[in-house]
Q: 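Encoded as structure tokens, here's the structure I'll be asking about.
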Amino acid sequence: MILKGDRVQLVDGSTGEIVELWGFARTFARIKLDSDGRLIPVMASYIVSYQRPVQSKWGGVKYEERKKANA
């Protein structure tokens with residue numbers, strides 16, 4: 001399950017952070033790209049893998065790598 005704030009890698013190799021999610025039957029996400037800061041809408045099926053931010057016990061944020069299941 002992909003959530004707002006997750007860092008994602010897309011099919012074309014670009015990476016970014018999810019800013020907004022919407023949709024039920026077909027989930028869409030608005031992603032802020034790391035390369036140039038543009039906001040682009042993509043379907044959730046276009047996302048290959050994601051990293052969930054995990055709060056560290058002593059402060060700071062780490063990212064936990066997860067692969068998206070092929071459904």
Side-chain angles (χ1 to χ4, degrees):
M1 185 160 88
I2 301 170
L3 300 174
K4 181 179 174 183
D6 288 352
R7 302 195 51 73
V8 296
Q9 180 181 11
L10 304 177
V11 173
D12 64 356
S14 57
T15 59
E17 182 179 344
I18 294 182
V19 178
E20 182 181 1
L21 285 169
W22 71 93
F24 292 103
R26 293 188 179 110
T27 306
F28 287 88
R30 189 175 314 272
I31 298 175
K32 183 176 182 181
L33 295 177
D34 290 337
S35 59
D36 55 4
R38 288 185 301 148
L39 292 173
I40 59 168
V42 297
M43 290 185 70
S45 60
Y46 197 60
I47 297 171
V48 176
S49 65
Y50 63 98
Q51 295 177 336
R52 172 115 347 116
V54 179
Q55 187 67 34
S56 175
K57 187 175 181 179
W58 292 280
V61 175
K62 296 179 183 176
Y63 286 96
E64 180 180 307
E65 181 72 28
R66 296 186 180 194
K67 294 280 184 184
K68 185 176 176 195
N70 294 334

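What you see below is based on every heavy atom in this structure, not just the backbone, and it leaves out hydrogens, waters and symmetry mates.
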Q: Which pairs, with at least one residue in residues 37-48 and sequence neighbours excluded, count as a salt bridge (Lys or Arg N to Asp or Glu O under 4.0 Å)?
A: D36-R38
Q: Atom CD1 in I40, atom NZ in K32: separation rounded to 0.5 Å?
A: 13.0 Å
Q: What distance do R52 atom CZ and R7 atom CZ have between them, rounded to the nearest 0.5 Å?
A: 14.0 Å
Q: Enter the distance from I2:CD1 to L21:CG here, rounded to the nearest 0.5 Å.
A: 7.5 Å
Q: T27: which residues meet the side chain to side chain donor-acceptor pair (under 3.5 Å) condition with it, sequence neighbours left out?
A: none
Q: CG/L10 to OG1/T15 distance, rounded to the nearest 0.5 angstrom?
A: 8.0 Å
Q: Please collect all salt bridge (Lys or Arg N to Asp or Glu O under 4.0 Å) contacts where either partner lies in residues 18-27, sequence neighbours excluded, each pair once.
A: E20-R30
Q: Return the minimal non-hydrogen interatomic distance between L33 and S14, and the atom names on each side.
A: CD2-OG, 4.1 Å
Q: Please step through side-chain contact (heavy atoms from CB on, under 4.5 Å) for the pair L3 and Y50, ending with a clear verdict.
A: CA-CA 10 Å; L3 300 174; Y50 63 98; over 6 Å; no
Q: Take V19 and I31 through the side-chain contact (heavy atoms from CB on, under 4.5 Å) test and state the conclusion after the steps.
A: CA-CA 6 Å; V19 178; I31 298 175; over 6 Å; no
Q: For A29 versus W22, what's the shortest heavy-atom pair and its separation?
A: C-CZ3, 4.0 Å
